[in-house]
Amino acid sequence: MKRRAFLKLLGATAPALAASGRLFAAPPGSPRFLLVFLRGGYDCANIVIPYSSSYYYETRPNIAIPKPDAQQANGAVALDSDWALAPVLRASIAPLYAQRQALFIPFAGTDDLSRSHFETQDSIELGQPLQGSHDLRSGFLSRLAGVVNGAAPIAFTDSLPVCFRGDSDIPNISLKGVGKPVFDTRQAAILSDMYAGHHLQQEVADGLELRQEVGRVMEQEMKDANRDAITPKGFELEARRVGRLMKEQYRIGFIDVGGWDTHVNEGAAQGALANNMDSLGKGLAAFSQELGGEWRNTVVAVVSEFGRTFRENGNKGTDHGHGSVYWLLGGSINGGRIAGEQLQVDRQNLFQDRDYPVLNDYRAVLGGLFASLWGLMPDEIQRVFPGSTPVNLQLV
């Protein structure tokens, strides 16, 4: 039985172990990067709102967010003269933007035109050119971990995501029910006895130790969260756990959040999308707080496979689109602005008369970010995103 397969049986894999098998901590001050993937294609136009566009209000008679208005609680929060933030993010993300710790990149995404959730998600996570053959066993975060010295990668997911596929063992730890041990004391003792004298004895001991360590960390977060009446469903609790582990042990992380496929009754300032965004915003704010002083060394990118149709549909929702809006957050980013190539939001500039166009390719944007964050050389960026030309948006 391979070491990784055995440790997955225990509930976690363990590349974050020193050669001796002991847990190690990522050095304070070293860069941290977390990718948050919103699976389902979130409606970016109702979160980062093009409020200077009259066409936005014409095409969304039931779901448009009201323009910024200090007298209106449901009004958007102005970011600049063209863009505003959904009011549900007023208390979580807007303060980070005001502190220059958040920015947004509209018209971002991939040239993939399938409008298929799974195909586009896989395409983004692989990070390979759309044309030509694809190596389905090689994701871009795995390749990034291969060029970053001491990357200590981790996926906070039930199974290893496509972006972490590769030749190296990458840990994935489910955050569901992690406060409960996989094995109780009696079972752990039986398991240890079974492997006594076996060549996997040390692997068993390491796996049990890792699981106990993770359980102790998670148990404390659970207790803290249960005392907080305003904890959002799911994500805020998970985000605090992620923050604790990335602060102490890991440098490159991945987490995905579902529930963004809003075909029907999406809502406007209130409703299904706003509820999900409320949880996301509070979770990201909680993550930043959990990092403490290491927040200044941390960058979070929030992406989705595609945006939604600019017009609302007949069910007061939106359908699969193309261009999206990416977020970047961190204690030392060049934030408080709308970054990347832009154009006026009106009908004549829509892609195929229905969607945001993609003006900021995700591979170019993230490649430029990685180059700045870790000082990667051009050949290293090519290993992460082959065939891509990184663009420096001065994000950090």
For the pair Gln270 (side chain) and Asn275 (backbone), establish whether a donor and an acceptor sit closer than 3.5 Å, ignoring hydrogens and angles.
no
List the steps and the verdict of side-chain contact (heavy atoms from CB on, under 4.5 Å) for Val242 and Phe287.
CA-CA 7 Å; Val242 171; Phe287 175 81; 3.7 Å; yes
Write down the atom of Asp82, the atom of Asp80, and the distance for their closest heavy-atom approach.
N-OD1, 2.8 Å
For residues 372-396, which residue pairs pass the salt bridge (Lys or Arg N to Asp or Glu O under 4.0 Å) check, not counting sequence neighbours?
none
Quick check: does any side chain N or O of Ser142 sit under 3.5 Å from a backbone N or O of Ser138, one acting as donor and the other as acceptor?
no
Tell me the closest heavy-atom pair linking Ile105 and Gly340, and the distance in Å.
CG2-CA, 4.5 Å
Indicate yes or no: at least one non-hydrogen side-chain atom of Val391 is less than 4.5 angstrom from one of Thr389.
no
Please assess Leu369 against Val299 for the test side-chain contact (heavy atoms from CB on, under 4.5 Å), listing each intermediate value before the final yes or no.
CA-CA 10 Å; Leu369 171 64; Val299 174; 4.2 Å; yes
Ala269 versus Ala274, closest heavy-atom pair with distance
O-CB, 3.3 Å
Side-chain heavy atoms of Pro386 within contact of Pro129, under 4.5 Å:
yes
Other residues, nucleotides, ligands: >12 heavy atoms within 6.0 Å of Gln352 CD:
yes
Candidates Asn46, Asn62, Thr59 - the one meeting side-chain hydrogen bond (donor to acceptor under 3.5 Å, both in side chains) with Glu312
Asn62
Look at the side chain of Ser332 and the backbone N and O of Arg296, then say whether any donor-acceptor pair between them is shorter than 3.5 Å.
yes
Check the pair Asp167, Arg143 against salt bridge (Lys or Arg N to Asp or Glu O under 4.0 Å), reporting the backbone distance first and the verdict last.
CA-CA 9 Å; Asp167 295 331; Arg143 299 193 297 272; over 6 Å; no
What is the minimum heavy-atom distance between Ile173 and Tyr250, and which atoms define it?
CD1-OH, 4.4 Å
Could you grab the distance from atom OH of Tyr326 to atom OG of Ser324, nearest 0.5 Å is fine?
6.0 Å
Between Val365 and Phe351, is there a shared hydrophobic cluster once you connect ILVMFWY residues whose side-chain heavy atoms come closer than 4.5 Å?
no
Cluster membership besides Val358, Ile/Leu/Val/Met/Phe/Trp/Tyr side chains within less than 4.5 angstrom, sorted by chain and number, is none
Taking the side chain as C-beta and beyond, is there a heavy-atom pair between Arg32 and Glu294 under 4.5 Å?
yes
As a quick check of understanding, evaluate salt bridge (Lys or Arg N to Asp or Glu O under 4.0 Å) for Arg311 and Asp319, giving each step before the final call.
CA-CA 9 Å; Arg311 302 176 185 85; Asp319 299 320; over 6 Å; no
Can you check whether Asn172 reaches Ile154 side chain to side chain, under 4.5 Å on heavy atoms?
no
Contact between Arg244 and Arg240 at the side-chain level, heavy atoms closer than 4.5 Å - yes or no?
no
Check this for me: does any side-chain nitrogen of one of Asp355 and Arg115 sit under 4.0 Å from a carboxylate oxygen of the other?
yes
Can any side-chain N or O of Asn360 pair as donor or acceptor with the backbone N or O of Pro106 at less than 3.5 Å?
yes
Using a 3.5 Å distance criterion without hydrogens, assess whether the side chain of Arg165 forms a donor-acceptor pair with backbone atoms of Leu136.
yes
Contact summary for Ala64 and Ala268, nearest pair of heavy atoms:
O-CB, 3.7 Å
Take Met277 and Leu89 through the test side-chain contact (heavy atoms from CB on, under 4.5 Å) and record every step on the way to the result.
CA-CA 7 Å; Met277 259 310 145; Leu89 297 176; 4.3 Å; yes
Can you get from Trp83 to Val88 by hopping between Ile, Leu, Val, Met, Phe, Trp and Tyr side chains that sit under 4.5 Å apart?
yes
Cluster membership besides Ile63, Ile/Leu/Val/Met/Phe/Trp/Tyr side chains within less than 4.5 angstrom, sorted by chain and number, is none
Verify the cluster assignment for Leu291 and Ile255: are they in a single hydrophobic cluster under the rule of side-chain heavy atoms below 4.5 Å apart?
yes
Going only through I, L, V, M, F, W and Y residues with side-chain contacts under 4.5 Å, is there a path from Leu359 to Ile338?
yes
I'd like to know whether Thr318 forms a side-chain hydrogen bond (donor to acceptor under 3.5 Å, both in side chains) with Thr309, so could you lay out the CA-CA distance, the side-chain angles of the two residues, the decisive distance to 0.1 Å, and finally the verdict.
CA-CA 6 Å; Thr318 51; Thr309 49; 5.1 Å; no
Answer yes or no: is there an ion pair linking Glu248 with Arg241, defined by an N-O contact shorter than 4.0 Å?
no
Is there a continuous path of hydrophobic side-chain contacts, each under 4.5 Å between heavy atoms, that joins Val162 to Val303?
no
Just by distance, do the side chain of Asp346 and the backbone of Asn349 share a donor-acceptor pair under 3.5 Å?
yes
Are Arg337 and Gln394 close enough that some pair of their side-chain heavy atoms sits under 4.5 Å apart?
yes
Passing option when Trp295 is tested against Gln289, Gln101, Glu290 for side-chain hydrogen bond (donor to acceptor under 3.5 Å, both in side chains):
Gln101
Quick check for you: to the nearest 0.5 Å, what is the distance between Thr157 atom OG1 and Ile170 atom CD1?
11.0 Å
Side chain to side chain, Phe385 and Phe140, heavy atoms closer than 4.5 Å:
yes
Quick one: does any side-chain atom of Asn276 pair with a main-chain N or O of Gly259 as donor and acceptor, under 3.5 Å?
yes
I'd like to check Ile381 versus Phe370 (side-chain heavy atoms, cut-off strictly below 4.5 Å). Are they in contact?
yes
Measure from the side-chain N and O atoms of Arg251 to the backbone N and O of Ala152, and report whether any donor-acceptor pair falls under 3.5 Å.
no
Can you name the one residue among Tyr42, Trp260, Phe306 that meets ring pair (Phe, Tyr, Trp, His ring centres under 6.0 Å) with His320?
Phe306
Does the plane of the ring in Phe33 sit parallel, tilted or perpendicular to the ring in Trp374? Use 30° and 60° as the thresholds.
perpendicular
Criterion side-chain hydrogen bond (donor to acceptor under 3.5 Å, both in side chains) on His117 and Asp261, from CA distance to verdict
CA-CA 9 Å; His117 291 300; Asp261 199 17; 3.1 Å; yes
Checking Glu125 against Phe164 for the side-chain contact (heavy atoms from CB on, under 4.5 Å) test, could you report, in this order, the C-alpha distance in whole Å, the side-chain angles of both residues, the deciding distance, and whether it holds?
CA-CA 8 Å; Glu125 291 187 67; Phe164 267 136; over 6 Å; no
Whether the side chain of Gln128 engages the backbone of Asp135 through a donor-acceptor N/O pair (distance < 3.5 Å, no angle test) should be reported.
yes
Ring centroids only, cut at 6.0 angstrom: are Phe310 and Tyr356 within range, meaning strictly under it?
yes
Please name the pair of heavy atoms, one in Gly253 and one in Leu141, separated by the smallest distance, quoted to 0.1 Å.
O-CD1, 4.4 Å
Between Ser304 and the options Val36, Ile124, Leu38, the side-chain contact (heavy atoms from CB on, under 4.5 Å) test singles out Leu38
Side-chain donor/acceptor of Asn315 to backbone N/O of Gly317, under 3.5 Å
no
From Leu329 CG over to Ile93 CD1, what is the distance, rounded to the nearest 0.5 angstrom?
5.5 Å
Taking the six-membered ring for Trp, are Tyr51 and Tyr57 ring centroids under 6.0 Å apart?
no
